[in-house]
Every structure is written in C-alpha cells, then in structure tokens.
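Below is one structure, written out as structure tokens; comments come after it.
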Amino acid sequence: MKRPRTLLALWLACSTTSVTAGDVEILHWWTSGGEANAATYLKDNIEARGHHWKNFAIAGGGGESAMTVLKTRAVSGNPPSAAQLKGLDIQEWGRLGFLSDLSVVADEAHWPEVVPDVARRIMLYNDQYVAVPVNIHRVNWLWANPAILAKVGVEVPRTLPEFFAAADKIKQAGYIPLAHGGQQWQNVTLFETIALAVLGAEGYQRAFVDLDMSVLSSPKMVEVFRQFLRLRDYIDPGYRGRDWNSATEMVSRGEAAMQIMGDWAKGEFAAEGLKPGQDYLCVAAPGTVGQFTYNIDSFAFFKLTNEADIKAQQDLARILLDKTFQVGFNQRKGSIPVRMDMDMTPFDQCARDSMTVFRESLTNGGLVPSLSQGMASTSYVQAAISDVVSDYFNAKAADPEQAAQRLARAVKSAM
Ligand code: GAL
C-alpha cells in the first residue's frame, strides 16, 4: 500500500474497506485546469485507499475523441475499470453486455434515498446499477467579466433583449461581447440555451426529448434559429475550433465580456484563483432564469476479471458518492453534488444558487436535459441536430425557416 500523503488521505486509508490493492483505470476527458484539478482529487482519493491509478485521459471537451478510444479498447477485450459515459449512452453499452452490476454498493450506500430520481434512473440498465453519478452541472449559465460591464456601463443581462442591447454597447466599446469556440458541441450549447429561452422548458422538452415534429418545425423554432444566429455578430472571427476553456480565459483575461457555458467554466475560474461576485459573475443564461438545463457526469463500470481490480472498482463506486468526496470534487469541478443531503455551506454562491434552482426545478417543471451533453436524446439524434445547428451557424447565407425544416427532417431520419 502506498503511503498516504495528506491528512485526508490518512483518514481515508484508515476507513478503507479494501484490503487488496487493485488497478483503477478511468477513461475521462477532464484535461483543462479545473477539470484536471477535479480528476487529481479523484486520483488522490483512490490512491489513499491503496489502489493504483492508471491515467487514461483523452482530451477534448464533449468527449468525442474519448468515445472513439473507448470503443477500440472495449472491442479488443481490454476495457478500463470505468469510463465517463453519460445519459442514453449508458443504456447502449449496457445492451451490448459490457457493464457490471453495482447494485450491492448502491444498496449499501442507500443511493435511492440520496440521489434524485432524474440522476438515478440514468444509471440503471435492466433495473441494475451499471454507472455512478458524480455531479450535477448546470449548462444554462452566463459568465461575465464585471470590470468590462462596469467600464461599458451595462448591467448583467437577464433577458434576450437585454443581452443584445448590452452586447451592442460592449462591441462599440471595443470588447468582444461573447467568447465562443465554434466546435459542434459548443454551438449546440448556445443553440439549446436560446431554445430554452424562446420555447420555455415545456417546448424544449417536446422538441428535444419527445422529438415532436410539430415543435421542431414550428414558427417558434424558426424564431430560435433567428435569435441563435444573431449571436454570431457578437463573437470574434477566430472562434472556429477554439476550445471552451480558451473561451473562458478570454473572459477572465478581460478580452471578452461574457460566455454562455456549463459550470465547468467555474472550475476554470477557480483554478485561476478567481472569486465569484468579484472577479466574475454567474447568472442564468438570458431568458432562462429559474430554469435548469442539467448535465450529469457519471462513470459506467465495465466487467472485469481480476479479483483485486473488481474490489478496487467497487471502492471507486463508494468514493464517488462519499459525502466528503462530493464536496472536494465538486468545488474543483464547478458542479454541485449529486447527493441531495449535502450541506452547501462550503460551496460558493454560484453553486448554492445552482442547488436552489435545481431543487425548485425538480417540482416546477423548469428542469430540462442538455442536448449538447447527450442527456436529452440518443447519440444519433444528437449528431443529426448538431450537424444542422453547426452548418446553419457557419453558413454565409443562413435561412432560419429552412433550418427548422431541415432540423425536423434530420431528427426524423435519426429516430
Ligand atoms: C462535458 C462534461 C463536463 C465538462 C465538459 C467540458 O461533456 O460533462 O464535465 O468537463 O464536457 O470538457
């Protein structure tokens, strides 16, 4: 057993349930500043229980490259202990017979009592737990640089009209109003946020979860495309291919005033030592106050054969939902705990606001799954929508009416 390095590590080592050291290899795409801090915290916790961490990080926000690598490894009979898999992808891997049953650990830790149904249900395949949730990210956030807003003399916008009015002034003052990276999943992040503002939570649900053709090709959807395209005027020409965390840096460096991005962006600000309310602001994305687009990170557990590695894997499942771990991990990641029995005092104001809105949205209908993060639909539907959205956003002569028609057709053929 390796020697624990911190007091936390010492405590964890003493309370360990494992007697045999095993290998823990987790495929993930957490490589930016805040993400890497969170992943290192996980590594430290695993090592403190005496296991060996084998690094398996594949860069690329949204996880596209990671998924390609995972398929190769799994098909060649050498899967990792766990992989960052989300939403309906978990079902797909379950159907293929790759995932192992964690029900013993889930029962022992009373998951049904502490994890909200919306997160818990995603982890089940054939009524067995095959994955563990680790956090809840809110996607519909607007991050803003308060110094730029003050210099320009605008308030942080709450509605779409306020956003465009502020963006005009920011642009006139010589700043980039909106930091953005033109990768497909980031384009869809903007699109789904505008869709939530224009359609409301119910319309969003009907469009992207129920795949209701009458909403997908409706005049309201045309309006979504119209407003979405307007954003392009406030983004700098170098946006294509830019990583999301480089866009976040544009806000922290004072080059751009705002970014619409999930709260993994807060992990970046935190990694730079910046403080919310002082160095940056967090508010609901324009037009989505009180609503919550969720992205739940989870690890699916693969079937293994080595006894020690199976034990290590079960320890990993225990660690992920441990209360102390949930605090340290989510503070670094920018997300909120996925356990509903947590004291939020150690968290910053953005996280506390997030938890409040999440809890309220569980009962008031404001909770929607993120399309860009694979929470709303199958990967086929998601890919079809992403193509339409990105082609439209990048087109020289983009036509919102045609885009809505194309969207409906693309979804139909991917269903
Ligand atoms: C998401 C993931 C988040 C975040 C983001 C950017 O897919 O769920 O945890 O890190 O990618 O890499």
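When a ligand or atom number is given, it counts from 1 through the structure's own listing order.
Ligand-side atoms of ligand 1 in range of Lys86: 1 (C), 2 (C), 7 (O), 8 (O), range being under 4.0 angstrom from any heavy atom. Near His137, with a cut-off below 4.0 Å to any heavy atom, the atoms of ligand 1 are 9 (O). Residue-ligand proximity, Glu35 to ligand 1, at heavy-atom distances under 4.0 Å covers atoms 4 (C), 5 (C), 6 (C), 10 (O), 12 (O).
Enclosure of atom CD in Glu155 is not indicated, since only 12 or fewer non-hydrogen atoms of other residues, nucleotides or ligands lie within 6.0 angstrom. Within a 6.0 Å radius of CD in Glu202, other residues, nucleotides and ligands contribute 12 heavy atoms or fewer.
Ranking protein heavy atoms by distance to atom 11 (O) of ligand 1, first place goes to Trp29 NE1, 3.1 Å. Scanning the protein heavy atoms around atom 7 (O) of ligand 1, the nearest turns out to be Gln373 OE1, 2.5 Å. Nearest protein heavy-atom contact of atom 2 (C) of ligand 1 is Asp297 OD1, 3.4 Å.
With respect to the salt-bridge test (charged N to carboxylate O, under 4.0 angstrom), the residues Asp315 and Arg318 qualify. A salt bridge links Glu223 to Arg226: at least one charged side-chain nitrogen sits closer than 4.0 Å to a carboxylate oxygen.
Polar contact check, Lys333 against ligand 1: a nitrogen or oxygen pair lies under 3.5 Å apart.
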Identify all side-chain donor-acceptor contacts of residues 342-352 below 3.5 Å with residues at least two apart in sequence or on another chain.
from   : atom 1 : to     : atom 2 : distance (Å)
Asp343 : OD1    : Thr345 : N      : 3.0
Asp343 : OD1    : Thr345 : OG1    : 2.4
Asp343 : OD2    : Thr345 : OG1    : 3.3
Asp348 : OD1    : Lys266 : NZ     : 3.0
Asp348 : OD1    : Cys350 : N      : 3.1
Asp348 : OD1    : Ala351 : N      : 2.9
Asp348 : OD2    : Lys266 : NZ     : 3.1
Gln349 : NE2    : Asp353 : OD1    : 2.9
Arg352 : NE     : Phe347 : O      : 3.0
Arg352 : NH2    : Phe347 : O      : 3.1

Q: Apply the test salt bridge (charged side-chain N to carboxylate O under 4.0 Å, His left out) to residues Asp117 and Arg120: give CA-CA distance (whole Å), side-chain angles for both, the deciding distance (0.1 Å), then the verdict.
A: CA-CA 5 Å; Asp117 275 356; Arg120 206 174 51 80; 2.9 Å; yes

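Proximity of Asn295 to ligand 1, defined as any heavy-atom pair under 4.0 Å, is confined to the side chain (atoms from C-beta onward).
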